[in-house]
There are 2 protein chains.
Amino acid sequence: MSVLSLPPLDLDTGGPPEDDSPLRSVSTAVAVLDCFADEAELGATRVAARLGIAKSTACRMLAALATGGLLERTGSGRYRLGLRLFEYGQLAVDRLMLRDVALPAMGDLRELLRETVQLGVLVGTDVLYVERTEAAGMNVRFRSEHRRNPAHSSSTGRVLAAADPALVTAILERGLRRYTPFTVVDPLRYRQILAQTREQGYATSREEFEPGWSSLAAPITLTRGGRPHPVAALSVVGVTSRVLGPRKPAVVQGLRRAAARVSADLERARS
Amino acid sequence: MSVLSLPPLDLDTGGPPEDDSPLRSVSTAVAVLDCFADEAELGATRVAARLGIAKSTACRMLAALATGGLLERTGSGRYRLGLRLFEYGQLAVDRLMLRDVALPAMGDLRELLRETVQLGVLVGTDVLYVERTEAAGMNVRFRSEHRRNPAHSSSTGRVLAAADPALVTAILERGLRRYTPFTVVDPLRYRQILAQTREQGYATSREEFEPGWSSLAAPITLTRGGRPHPVAALSVVGVTSRVLGPRKPAVVQGLRRAAARVSADLERARS
DNA sequence: CCCCCGCGTTCCGGAAAGCGGAACGCCTGT
DNA sequence: ACAGGCGTTCCGCTTTCCGGAACGCGGGGG
């Protein structure tokens, strides 16, 4: 089912050892970390092979990262991502002062619509979801393969791109990859959709990333320099007939109200 | 109220530039990251001052970490923790195959007791909570200052230390710091409590970390080498009278059942 | 309005640090 | 028992990185 939705794969991992920057050791250390995005456990030999560096170098990198707490040793001498990364990651999100502000509105919206509600921000040309409240009764916290989306095929990405011409350029340069038969891959059509998004104040994505699933998104804005500027987006995702069918007006209304509420609360929180 | 509960502060940050390891640049890069545990935004000058390194060095470190995505540039030329850290952190927790397995049981337990339920693991001599379901109706996701606890004063830490003599040694070496008038700081009494924890199969902490709040914890075990070995713990935290008063037997029973269920599910998941 | 201070960044030479190749134990699977 | 693979260590050469000083800029005070 979700075999189609392979994660977009990080840029330039697995290729040559990396180059374009000072501090070569730090760059390779980051590249080593990146190796663990794909595999849960790695040893020095695997890492050395993937990055094209000497085994001894890989071993030192792993050891250094482990003493720093970014990696942990598993019993068998291999390594995995360390829990200190979890702490740092939580701090990174906390400091956006976004999740805490948005959670109440997200909970209410989920209750109102009985659908999954997501809070997404932009990272590069991808959308990263920093919080999600699941629709169904039970908590199935979102798994890694659904934590990041290409911006062009998600409603969240569109609502953010609609107000950012530079981002649109970057997205088009990267190319509109097709994920389903419905994915919009024509640049002209994509720009039309963005224009429509600007007019409406919300965006939709009809089964453009995963068959059967659609989403709507509304921007969370922050007033910068007099004009409201989107910094994140709230989105509702669900089975197409449930979110884009007869209930669509209700979904849109609830979504826009929730996004407006979060925007106001965020404005207040950033005193 | 929570002024007492200062986070335990990471080891060896803010001192000399770090030393005991090969790969000096990587070590200092990690030290640079650590600087951001305390402050949300930092520039080259501040970092250089904190670590006792040259300003130029700090600048290169920041730039390298930023190109790696571990840091992000804020508008004014300063830096903050990057969202890639959030991704790595989520991956690190996902790969424990713990949170997903535990969430259903945690939700049920919260419904049953109407109290906050936590899932904690050990990192060094601290307890790190990787998931928490809040008691009250609404989601106030746990803030950074309550995401990490010293192991000696928390029920979770005791349930984990009860089965790990080496950990007890480490905890005692570090010292039993006092947080409230009720914190157990006598090593002998601490060992007695651990013995009692071993007998009972669960641990308690009566206002030993924050006045008014107490907790109970039960171990999540994994059979390794024939014997069950605790790898995490479920805990219930609430106002003392509500969790250690007349309801205590019910809390203990629910907690133990939930922990047993998670242990069984975890055993099954690690096929 | 201009100046000055402080910041982040860049440049450069000396020198220490890290890279790679090969050798060493250890565990596993046969 | 043996052999293959792993993570780790050692060592010399060379590369890369550190620190100090200079640069450009932006903001706040005179």
Side-chain angles (χ1 to χ4, degrees), chain A residues 15-36 38-82 224-225, chain B residues 15-36 38-82 224-226 270:
Chain A
E18 199 116 346
D19 40 272
D20 56 333
S21 101
L23 268 350
R24 173 178 280 260
S25 350
V26 176
S27 300
T28 59
V30 173
V32 168
L33 264 190
D34 267 333
C35 291
F36 289 86
D38 302 298
E39 293 181 76
E41 274 190 35
L42 285 172
T45 305
R46 289 288 284 269
V47 170
R50 280 190 61 160
L51 298 176
I53 58 181
K55 204 167 52 166
S56 58
T57 304
C59 187
R60 266 169 295 170
M61 289 287 171
L62 291 168
L65 290 171
T67 63
L70 304 190
L71 294 180
E72 290 172 351
R73 307 198 52 143
T74 79
S76 54
R78 286 205 289 277
Y79 296 84
R80 67 178 167 212
L81 293 176
R224 275 211 292 249
Chain B
E18 199 115 345
D19 39 272
D20 56 334
S21 103
L23 268 350
R24 173 179 283 257
S25 349
V26 176
S27 300
T28 60
V30 173
V32 168
L33 263 190
D34 266 333
C35 290
F36 289 86
D38 302 300
E39 292 182 75
E41 274 190 34
L42 284 172
T45 305
R46 289 287 285 271
V47 171
R50 278 190 62 161
L51 298 176
I53 59 180
K55 202 168 51 165
S56 59
T57 304
C59 188
R60 268 169 294 171
M61 289 288 171
L62 291 168
L65 290 170
T67 64
L70 303 189
L71 293 179
E72 288 172 354
R73 306 197 55 140
T74 80
S76 53
R78 287 205 289 276
Y79 296 83
R80 68 177 165 211
L81 292 176
R224 275 210 293 251
R270 303 221 175 158

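Within every chain, numbering begins at 1; the chains are lettered A, B, ... in the order of the sequence lines, protein sequences first and strands thereafter. For clarity, every value in this text was computed on a predicted model and none was experimentally measured.
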Earlier contact from the 5' end, DNA chain D, for A/Thr45 and B/Lys55: A/Thr45
B/Cys59 side chain: which of C/dG8, C/dG18, C/dG20 is closest? C/dG8
State, to 0.1 Å, how close B/Thr74 and B/Tyr79 come at their nearest heavy-atom pair, and which atoms those are. CG2-C, 4.0 Å
Heavy-atom closest contact (A/Ala29 atom, B/Val26 atom, distance): CB-CG2, 4.0 Å
Find the bend of the helix from C/dC1-D/dG30 to C/dT30-D/dA1 as the angle between its two terminal axes (five pairs each), to the nearest 10°. 50°
Are A/Leu71 and A/Leu33 close enough that some pair of their side-chain heavy atoms sits under 4.5 Å apart? yes
Which residue, A/Arg60 or B/Arg46, contacts DNA chain C at a nucleotide closer to its 5' end, judged by nearest heavy atom? B/Arg46
Would you mind telling me which residue lines up with the more 5' stretch of DNA chain D, A/Leu23 or A/Arg78, judged by nearest nucleotide? A/Arg78
Is there a donor and acceptor pair, one atom on the side chain of A/Ser25 and one on the base of C/dG18, closer than 3.5 Å? no
Selection residues 63-82 of chain B - residue pairs positive for salt bridge (Lys or Arg N to Asp or Glu O under 4.0 Å), sequence neighbours left out: B/Glu41-B/Arg78, B/Glu72-B/Arg80
Just the endpoints, please: which first and last nucleotides of DNA chain D, 5' to 3', lie under 4.0 Å from a heavy atom of chain B? D/dC17 to D/dG20
Tell me which donor-acceptor pairs under 3.5 Å the side chains of residues 51-59 of chain B have, and how far apart each pair is, sequence neighbours excluded?
from	atom 1	to	atom 2	distance (Å)
B/Ser56	OG	B/Arg60	NH2	3.4

B/Leu71 CG to C/dG8 P: how many Å, rounded? 13 Å
